[in-house]
Amino acid sequence: MSIKALDWAMDAPVQDPLAKLVLIVVANHHNDARGVAWPSVGHICHVTGAAERTVRAKLKKLEQAGFLIRNHRSGRSTEYTPAYLAPLHQMQDTPAPDAPITIKEPLKRNKGKTKVVDWEPNEADRQFAQSKGLDAAEVLEAIRLWDKQNGNKAAYVDPTAFWQNWCIRDAKKKPKATQRQSKPFNGQSSEWTPSQRKMVTLDQWKGLTDGMRTYYKQNRPDVIAELKKVGADV
């Protein structure tokens, strides 16, 4: 089992519930050392409860949508590679699809792939990135650099699905913002009310703890200045 592949499959933008389940089963059998998974169709049928014909149709749909790359082996179980984790040359050599799956629109005919270097995200794609707390321009720049490092060879049936997968992965890596809270001082409340910010009399100053006096010296120079005028030992 590969946690990385399974995590990817759980977040993959597949609308078809059964196709999504088939993808999860395949990812659950992914071997990180070999970079592939090879569960039999019979085993996938057993886990999903679907008929063999249905499972084969869902596998084909996932392949056409660019989520899986299948390597048919004569007399042996077919090998599957999650498309996002596949080497670039494998992604380039996958057969051209007919019916991509997208989360934004119904299935439609698409006879070829689009190279990443030639693709530009539209407004909906940019909004998707923003919904994940990302800067769309920074995401695109990272993708362009990654593609350039590999010879600008990456091509996908559904670049939008690739974009969304990339955003989902980056969003998980992004540290969550932590809300800053004022640090309590000397056991006192973490926030100072307006009444606490008023001027301090000489008698009040004498009754303050050393910690409170230190606070005023560091944060209320106006109070210290007034106390000095009346002869306070500050």
Self-check item: Residues that Thr48 engages under side chain to side chain donor-acceptor pair (under 3.5 Å), provided they are two or more places apart
Solution: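 Testing Thr48 for side chain to side chain donor-acceptor pair (under 3.5 Å), a comparison that skips the adjacent residues, returns none.
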
Quiz prompt | Residue list, side chain to side chain donor-acceptor pair (under 3.5 Å) with Glu226, at least two apart or on another chain | solution =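 Applying side chain to side chain donor-acceptor pair (under 3.5 Å) to Glu226 gives Lys229.
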
Rounded at 0.5 Å granularity, tell me how far [atom1] in [X] sits from [atom2] in [Y].
{"X": "Leu18", "Y": "Leu23", "atom1": "CG", "atom2": "CG", "value": "11.5 Å"}
{"X": "Glu141", "Y": "Ile143", "atom1": "CD", "atom2": "CD1", "value": "11.0 Å"}
{"X": "Asp170", "Y": "Asn165", "atom1": "CG", "atom2": "CG", "value": "11.0 Å"}
{"X": "Asp125", "Y": "Trp119", "atom1": "CG", "atom2": "CH2", "value": "4.0 Å"}
{"X": "Arg213", "Y": "Lys206", "atom1": "CZ", "atom2": "NZ", "value": "9.5 Å"}
{"X": "Ile44", "Y": "Asn28", "atom1": "CD1", "atom2": "CG", "value": "11.0 Å"}

Exercise. Go through the steps to decide whether Asp16 and Lys20 satisfy the test side chain to side chain contact (heavy atoms under 4.5 Å, CB included), and finish with yes or no.
Key: CA-CA 6 Å; Asp16 185 328; Lys20 179 73 170 282; over 6 Å; no

4.5 Å side-chain heavy-atom contact, [X] and [Y]:
{"X": "Gln204", "Y": "Thr201", "answer": "yes"}
{"X": "Pro13", "Y": "Phe67", "answer": "yes"}
{"X": "Tyr156", "Y": "Thr114", "answer": "no"}
{"X": "Phe128", "Y": "Ile168", "answer": "yes"}
{"X": "Val117", "Y": "Lys148", "answer": "no"}
{"X": "Val41", "Y": "Thr78", "answer": "no"}
{"X": "Tyr216", "Y": "Leu227", "answer": "no"}
{"X": "Ile224", "Y": "Lys228", "answer": "yes"}

Polar side-chain atom of [X] near backbone of [Y] as donor-acceptor pair, under 3.5 Å:
{"X": "His30", "Y": "Val26", "value": "no"}
{"X": "Arg144", "Y": "Val139", "value": "no"}
{"X": "Asp135", "Y": "Ala137", "value": "yes"}
{"X": "Thr214", "Y": "Asp210", "value": "yes"}

Quiz item: After noting the C-alpha distance and the side-chain angles of Gln64 and Val157, does the key distance pass the side chain to side chain contact (heavy atoms under 4.5 Å, CB included) rule?
Solution: CA-CA 7 Å; Gln64 291 174 338; Val157 172; over 6 Å; no

Quiz item: Of the non-hydrogen atoms in Ala129 and Cys167, which two are nearest, and what is the gap between them?
Solution: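 Distance-wise, the nearest heavy atoms are CB-SG, 3.8 Å.
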
Quiz item: How close do Ala65 and Asp158 get, heavy atom to heavy atom, and via which atoms?
Solution: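 Minimum heavy-atom separation between Ala65 and Asp158: O-CB, 4.2 Å.
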
Practice problem: Give the C-alpha distance, both sets of side-chain angles, the deciding distance and a yes or no for side chain to side chain contact (heavy atoms under 4.5 Å, CB included) between Val22 and Leu59. | Solution: CA-CA 7 Å; Val22 169; Leu59 286 169; 3.5 Å; yes

Self-check item: Pairing of Asp147 and Lys153 as salt bridge, 4.0 angstrom limit
Solution: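 Salt bridge flag = no for Lys153 with Asp147.
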
Self-check item: salt_bridge(Arg169, Asp11) N-O dist < 4.0 Å
Solution: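 Salt bridge: no.
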
Quiz item: Run the salt bridge (Lys or Arg N to Asp or Glu O under 4.0 Å) check on Lys115 and Glu120 step by step: do they pass?
Solution: CA-CA 10 Å; Lys115 295 187 70 174; Glu120 290 286 341; over 6 Å; no

